[in-house]
Amino acid sequence: MNVLKFGGTSIGTPERMRHVAGLLKDREAIVVLSAVANTTDKLSEICRLLITQKRELAVKKIETFQTEYQQFVESLFATDSYRAKGNELIDSHFEHIRSFTLDMFTSHEQRTILAQGELISSSLLQFYLEECKVQSVLLPALDFMRLDEKGEPNPEYVKTNLKTELAKHPGSRLFITQGYICRNAFGEIDNLKRGGSDTSASLIGAAIQCDEIQIWTDIDGMHNNDPRYVKNTESIQQLSFDEAAELAYFGAKILHPSSIGPARKFNIPVRLLNTMKPEAPGTLITRQHHKTGQIKAVAAKDGIMAIKIKSSRMLLAYGFLRRVFEVFERYKTPIDMISTSEVAVSLTIDDSTYLESIKKELEEFGTVEIDHDQAIICVVGDFVAESKGFALRVLEALKEIPIRMICYGGSRHNISLLVQSDLKVEALNALHRGLFGV
Ligand code: ADP
Ligand code: ASP
Ligand code: MG
């Protein structure tokens with residue numbers, strides 16, 4: 001059995017949803033669906049209006065959005081009876097959304113509204129398969145996908161409860177479920193964060209130890225640079241889990257950063273495929289390292305803050321870095337890059353929630369400077385220590401761009417550089433020319 005995840009654009013129109021149904025016809029699989037393209041953005045916008053008490057505007061948006069879904073249903077189905085079923089489904093979800101406009105609006109209501117996108121898309125696909133006489137079973141993700149007390153996915157819970165759900169349908173071969181949505185440790189509706197359907201697929205794949213996790217999207221696999229900013233990027237045929245994880249974490253949007261972990265743990269291959277071009281080979285991600293000693297791809301992550309702590313107490317002292325790291329640990333703020341000299345340490349974070357408190361505590365050690373609007377440019381490959389010249393090629397390509405920090409040697413798969421955000425696109429293009437000759 002395989003796990004197949006289809007992203008929002010793959011089911012973004014009725015034609016595309018029908019196309020996906022066509023791809024599923026003779027498969028034995030668990031299908032993980034995102035919400036129809038732009039749905040989660042629109043639901044977030046409705047929540048934002050309700051949080052800021054713009055109730056009338058929210059009600060208007062809900063109205064328009066419901067009409068769009070009614071049109072989707074009209075053209076998705078071929079028969080009046082399924083159109084009626086589809087419309088009933090849409091009306092009941094939108095009634096539910098509307099019920100949250102009447103009273104107090106908290107994060108609980110927000111998370112419930114955000115879950116409606118995946119609940120709608122999965123039911124619509126299942127109805128459509130039914131209309132086409134393809135037997136499938138709808139598995140409610142809210143019955144098996146769970147977070148623990150720390151807000152992290154709980155793989156043990158997923159495994160036990162998914163197996164229970166599957167056991168209710170002996171003989172069925174095709175299952176449809178929702179990506180992204182889950183319950184938290186208190187049993188409330190929650191989610192795996194934006195883009196989290198990839199993580200749902202990986203957790204499900206790990207839970208049933210499937211043969212392959214397939215992420216079907218709108219591009220033919222992981223490209224060697226960000227196609228949103230760079231022309232002539234190329235699909236990479238094979239990557240290791242380590243390389244894919246670095247790329248996902250440092251901005252390659254095609255994969256959610258948390259989606260590699262569960263697959264890697266059980267050594268389940270992950271294949272990235274293009275829904276619009278199913279015959280393209282895409283990218284296969286496995287434990288194996290292919291093309292060792294090569295630079296494979298470049299990615300970039302925005303919204304980074306660089307923090308420099310300068311302290312004479314660091315000179316010839318030990319234990320200084322531990323105390324600095326403890327501050328970040330207390331505020332549950334992960335550090336991405338770090339670089340030290342004898343009197344200063346620079347590091348980067350992407351979460352500014354506790355920045356002011358962190359700064360105050362760090363000032364006890366020395367002077368603290370913070371640079372906002374930075375971007376991490378990440379060059380990924382297999383940099384065996386004996387091979388020469390990787391850093392030179394990267395720096396040569398970036399010779400016209402001011403670099404604030406460099407990290408090399410943290411792992412054999414990554415060289416990270418920090419530049420100002422407004423130089424990100426220029427840096428990505430310069431690296432593309434310098435490293436891949438295009
Ligand atoms: P889905 O809706 O299927 O989850 P996403 O929009 O999350 O799709 O991810 C696919 C998009 O990721 C592509 O359309 C592409 O623009 C973007 N992307 C960014 N970096 C890369 C990369 N290195 N390789 C491929 N796609 C990338
Ligand atoms: N629908 C959610 C989002 O847009 C989850 C996903 O698509 O992966 O973020
Ligand atoms: Mg995605």
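First listed ligand is number 1; within each ligand, the first listed atom is number 1.
A salt bridge links Asp350 and Lys301; the closest N-O separation between the charged side-chain nitrogens and carboxylate oxygens is under 4.0 Å. A salt bridge between Glu131 and Lys85 is absent, with no side-chain N of the basic residue lying under 4.0 Å from a carboxylate O of the acidic one.
Within the structure, no pair that satisfies the ring-ring contact (aromatic ring centres under 6.0 Å, His included) test touches residues 245-265, not counting sequence neighbours.
With a 4.5 Å cut-off on side-chain heavy atoms, Leu166 and Leu139 count as touching. Leu138 has its side chain within reach of Ser123: a pair of non-hydrogen atoms, C-beta onward, lies under 4.5 Å apart.
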Identify all pairs of nitrogen or oxygen atoms, one from ligand 1 and one from the protein, separated by less than 3.5 Å, and list them with distances.
from     : atom 1 : to     : atom 2 : distance (Å)
ligand 1 : 2 (O)  : Gly8   : N      : 3.3
ligand 1 : 3 (O)  : Thr217 : OG1    : 2.7
ligand 1 : 4 (O)  : Lys5   : NZ     : 3.0
ligand 1 : 6 (O)  : Lys253 : NZ     : 2.7
ligand 1 : 8 (O)  : Thr217 : OG1    : 3.1
ligand 1 : 12 (O) : Ile254 : N      : 3.4
ligand 1 : 14 (O) : Asp218 : OD1    : 2.8
ligand 1 : 14 (O) : Asp218 : OD2    : 3.2
ligand 1 : 23 (N) : His223 : O      : 3.2
ligand 1 : 24 (N) : His223 : N      : 2.8

Before giving the answer on side-chain hydrogen bond (donor to acceptor under 3.5 Å, both in side chains), spell out for Thr52 and Arg48 the whole-Å C-alpha distance, their side-chain angles and the decisive distance to 0.1 Å.
CA-CA 6 Å; Thr52 52; Arg48 193 189 62 77; 4.5 Å; no
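When the side-chain hydrogen bond (donor to acceptor under 3.5 Å, both in side chains) test is applied to Lys424, the partners found at least two apart in sequence or on another chain are Tyr229, Asp302.
Between Phe94 and Phe65, the gap from one ring centroid to the other is short of 6.0 Å.
Residue-environment remark: CD (Glu188) exceeds the threshold of 12 foreign heavy atoms within 6.0 Å.
Within 4.0 Å of ligand 2, protein heavy atoms come from Ser34, Ala35, Thr40, Glu118, Tyr180, Arg194, Gly195, Gly196, Ser197.
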